[in-house]
S.K.: 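Can you read through this structure? Questions will come right after.
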Number of protein chains: 2
Amino acid sequence: MTELKQMPGHLIRRYQQIAVAVFHRQVDPLGLDLTPVQFAALNTLRVHKDIDQATLAGLIAYDRTTITGVIDRLTAKGLVDRKISPTDRRARVVSLTAEGEAALDRVMPAVEEAQTVMLQGLDAREQQVFMELLTKATEATNDLSRAPLIPLATPEPTEGAE
Amino acid sequence: MTELKQMPGHLIRRYQQIAVAVFHRQVDPLGLDLTPVQFAALNTLRVHKDIDQATLAGLIAYDRTTITGVIDRLTAKGLVDRKISPTDRRARVVSLTAEGEAALDRVMPAVEEAQTVMLQGLDAREQQVFMELLTKATEATNDLSRAPLIPLATPEPTEGAE
DNA sequence: TACTAATCATCAGTATACTGATTATCAACG
DNA sequence: CGTTGATAATCAGTATACTGATGATTAGTA
């Protein structure tokens, strides 16, 4: 496998660059000045209210260091609010502002369209297979990343199945 | 598709981060101080001798701006040589040094192992399907990137095809 | 309680990637 | 030959990502 174009790592890097370009192509015309990472943070904060930065990082597989800057910028834009946790003074609890909520509503359709564009080379069946295999490959190697995905602890741990 | 984990863009970003981590896990112990992008450049320069930076960028789908820094660092390490093109004084012709060649030889097995690790969650059949679909999806969206893959002009242009 | 280990956020430094601008050079054309 | 447009490389500025370190705080424990 000395051929670069046959290496998964190389293809993934290229595809990620394309994903970012497609995101901006869809989102920038809205004039919202959001990046893919910033969108992911906003989207997650709508579902999980009042979580600290470390938890947020785990939910989206960010590096803890990276998220400091991301939240800095989202705060500067007034889209999120960051304050010291009342239960742990080390932690910073992040939450969406009303502006953040509105921005998320506006950007959502564009982001969904971007996902469609990303997969435009594949037919419906291929898209499904691709997403399944990508999910499977990612889950199997999740722990090899410095910033693994860390789901919230589920209240009821299902025995046997994980 | 409001679920982040179902968005191809999000999964691709995660998988790319994993790819980088796996690369370093395999390569760093060799003490070579190479990044995935630097490896791709070296690997391509072995196949294509004496090409300028713009051509190299096209062959690996780099941004022209990015490659300036990459070649800077590879030059500083003594792995590549950069000189003004004898036929076009705007262009810089890049070539592997003997040290670059040796580094590439040393790092190659580690990089190949990294590709295997990346795909460890998939069986042989799934790996093949995944790579095919990833290649197809990437090719279909190549032109949406600021840094598309630009193959070398083939000597014989196939008629009919665009 | 005092000590130690762990955790949260942040900082410093480096390496991709991007946008947009600039300089040097080349190509094309009248 | 001179002007115009395109191209190669680079620079300035911003945003991820990473490594490794630090300060503040919490948790665990003797």
Side-chain angles (χ1 to χ4, degrees), chain A residues 9-10 12-25 28 33-41 51-58 60-77 82-94 144-148 150, chain B residues 9 13-25 28 33-41 51-58 60-77 82-94 144-148 150:
Chain A
H10 177 68
I12 288 291
R13 184 187 62 80
R14 281 185 55 202
Y15 201 39
Q16 212 270 328
Q17 286 180 202
I18 292 167
V20 173
V22 169
F23 179 96
H24 284 295
R25 176 178 296 231
D28 288 359
D33 187 30
L34 281 180
T35 66
V37 171
Q38 290 169 14
F39 162 77
I51 53 178
D52 63 20
Q53 294 183 186
T55 304
L56 175 58
I60 338 183
Y62 285 11
D63 192 280
R64 297 255 198 91
T65 301
T66 300
I67 213 165
T68 296
V70 174
I71 299 299
D72 280 351
R73 289 180 280 276
L74 287 174
T75 302
K77 291 180 211 172
R82 167 170 47 185
K83 41 188 140 182
I84 294 175
S85 166
T87 59
D88 185 343
R89 288 215 305 268
R90 292 170 302 180
R92 303 287 180 274
V93 171
V94 185
L144 302 181
S145 172
R146 159 150 157 172
I150 306 171
Chain B
R13 185 188 62 82
R14 282 185 55 203
Y15 201 40
Q16 212 271 326
Q17 286 180 201
I18 292 167
V20 173
V22 169
F23 179 96
H24 285 295
R25 177 178 294 233
D28 287 359
D33 185 30
L34 280 181
T35 66
V37 171
Q38 289 167 15
F39 163 77
I51 52 179
D52 62 22
Q53 293 183 189
T55 304
L56 175 58
I60 338 182
Y62 285 12
D63 193 279
R64 296 254 199 93
T65 300
T66 301
I67 214 167
T68 296
V70 174
I71 299 299
D72 278 351
R73 289 178 281 276
L74 287 174
T75 302
K77 291 179 210 172
R82 168 170 48 187
K83 41 187 139 179
I84 295 176
S85 164
T87 60
D88 183 342
R89 289 217 305 270
R90 292 171 302 180
R92 302 288 180 275
V93 171
V94 184
L144 301 181
S145 171
R146 159 150 156 170
I150 305 171

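Order of the sequence lines sets the chain letters (A, B, ...), proteins ahead of strands, with each chain counted from 1.
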S.K.: So what does B/T68 hit on the nucleic acid, given a heavy-atom distance under 4.0 Å: a base, only sugar-phosphate, or nothing?
M.R.: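 Result for B/T68 = base.
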S.K.: Could you please name the option among C/dT16, D/dA8, D/dA15 that lies closest to any side-chain atom of B/R90?
M.R.: D/dA8
S.K.: Can you tell me if B/T66 touches the phosphate of C/dA15, counting only side-chain N or O atoms and a distance under 4.0 Å to OP1 or OP2?
M.R.: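 No, because none of the side-chain N or O atoms of B/T66 sits under 4.0 Å from OP1 or OP2 of C/dA15.
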S.K.: What nucleic acid atoms does A/R13 come within less than 4.0 Å of, heavy atoms only: base, sugar-phosphate, or nothing?
M.R.: sugar-phosphate
S.K.: Using whole Å, report how far CZ of B/F23 lies from C1' of D/dT19.
M.R.: 16 Å
S.K.: Under 4.0 angstrom, heavy atoms only, what part of the nucleic acid is B/T65 near: base, sugar-phosphate, or nothing?
M.R.: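 Here B/T65 touches the bases of the nucleic acid.
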S.K.: Check the distance between D/dT16's C1' and A/Q17's CD and give it to me in whole angstrom.
M.R.: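 In whole Å, D/dT16 C1' and A/Q17 CD are 13 Å from each other.
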S.K.: Expressed in angstrom and rounded to an integer, what is the separation of B/L34 atom CG from C/dT16 atom C1'?
M.R.: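 Interatomic distance, CG of B/L34 to C1' of C/dT16: 15 Å.
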S.K.: Taking it one step at a time, do B/Q17 and A/R146 satisfy side-chain hydrogen bond (donor to acceptor under 3.5 Å, both in side chains)?
M.R.: CA-CA 8 Å; B/Q17 286 180 201; A/R146 159 150 157 172; over 6 Å; no
S.K.: A/D72 CG to D/dA15 C1': how many Å, rounded?
M.R.: 12 Å
S.K.: Using only side-chain N and O atoms of A/Q38, determine if any of them is under 4.0 Å from OP1 or OP2 of D/dA15.
M.R.: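 Indeed not, no polar side-chain atom of A/Q38 lies that close.
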S.K.: If the cut-off is 4.0 Å, is A/R146 near the phosphate of D/dT19, judged by side-chain N/O to OP1 or OP2?
M.R.: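 Yes, because at least one side-chain N or O of A/R146 sits under 4.0 Å from OP1 or OP2 of D/dT19.
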S.K.: Less than 4.0 angstrom between a side-chain N/O of B/R64 and OP1 or OP2 of D/dA8, yes or no?
M.R.: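 For D/dA8, OP1/OP2 do have a side-chain N/O of B/R64 under 4.0 Å.
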S.K.: Name the residue closer to the 5' end of DNA chain D, choosing between A/D33 and B/G69 according to the nucleotide with the nearest heavy atom.
M.R.: B/G69
S.K.: Can you figure out which of C/dT25, C/dC8, D/dA9 approaches the side chain of A/A54 most closely?
M.R.: C/dC8
S.K.: Judged by each residue's nearest nucleotide on DNA chain C, which is more toward the 5′ side, A/I18 or A/A91?
M.R.: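 Mapping each residue to its closest nucleotide by heavy atoms, the 5'-most match is A/A91.
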S.K.: If you check the B/R92 side chain, which of D/dC18, C/dA17, D/dA9 turns out closest?
M.R.: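 Nearest to the side-chain atoms of B/R92, counting from C-beta on, is D/dA9.
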S.K.: Send over the distance from B/L74 CG to C/dT14 C1', rounded to a whole Å.
M.R.: 14 Å
S.K.: Give a yes or no on whether the backbone of A/D33 and the side-chain of A/K77 come within a donor-acceptor separation of less than 3.5 Å.
M.R.: yes
S.K.: Counting the atoms with a prime plus P, OP1 and OP2 as sugar-phosphate, which does B/R82 contact under 4.0 Å by heavy atoms, base, sugar-phosphate, or nothing?
M.R.: sugar-phosphate
S.K.: Would one find a side-chain N or O of B/Q53 under 4.0 angstrom from OP1 or OP2 of D/dT10?
M.R.: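 True: B/Q53 side-chain N/O within range (under 4.0 Å) of D/dT10 OP1/OP2.
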S.K.: Hey, does the side chain of B/S85 come within less than 4.0 Å of D/dA8's phosphate (OP1/OP2), counting only N and O?
M.R.: no
S.K.: Strictly distance-based, threshold 3.5 Å: is any side-chain N or O of B/T55 a donor or acceptor partner for the main-chain N or O of B/I51?
M.R.: no
S.K.: Side chain of B/R89: nearest nucleotide among C/dA17, C/dC18, C/dC26?
M.R.: C/dC26
S.K.: Using a heavy-atom cut-off of 4.0 Å across all strands, would you classify A/V20 as base, sugar-phosphate, or nothing?
M.R.: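 Nothing, no heavy atom under 4.0 Å.
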S.K.: Counting C-beta onward and ignoring hydrogens, is there a side-chain heavy-atom pair between B/Y62 and A/R13 closer than 4.5 Å?
M.R.: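 The answer is yes; the side chains approach within 4.5 Å.
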S.K.: Taking B/D52 first and then B/R90, would you say they form a salt bridge - that is, a charged N and a carboxylate O separated by under 4.0 Å?
M.R.: no
S.K.: Heavy atoms, side chains only, cut-off 4.5 Å: are A/T35 and A/R73 in contact?
M.R.: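 SC-SC contact between A/T35 and A/R73 ruled out.
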S.K.: Atom CD1 of B/I67 and atom P of D/dA9: how far apart are they, to the nearest Å?
M.R.: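 Spelled out: CD1 on B/I67 to P on D/dA9 is 8 Å.
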S.K.: Separation of B/H24 atom NE2 from C/dA15 atom P, in whole Å?
M.R.: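 Taking NE2 of B/H24 and P of C/dA15, I get 10 Å after rounding.
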S.K.: State which of D/dA17, D/dT26, D/dT16 makes the closest approach to the side chain of A/V70.
M.R.: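 When the side chain of A/V70 is considered, D/dT16 is the closest of D/dA17, D/dT26, D/dT16.
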S.K.: Provide, to the nearest angstrom, the distance between the CG atom belonging to A/D88 and the C1' atom belonging to D/dA27.
M.R.: 10 Å
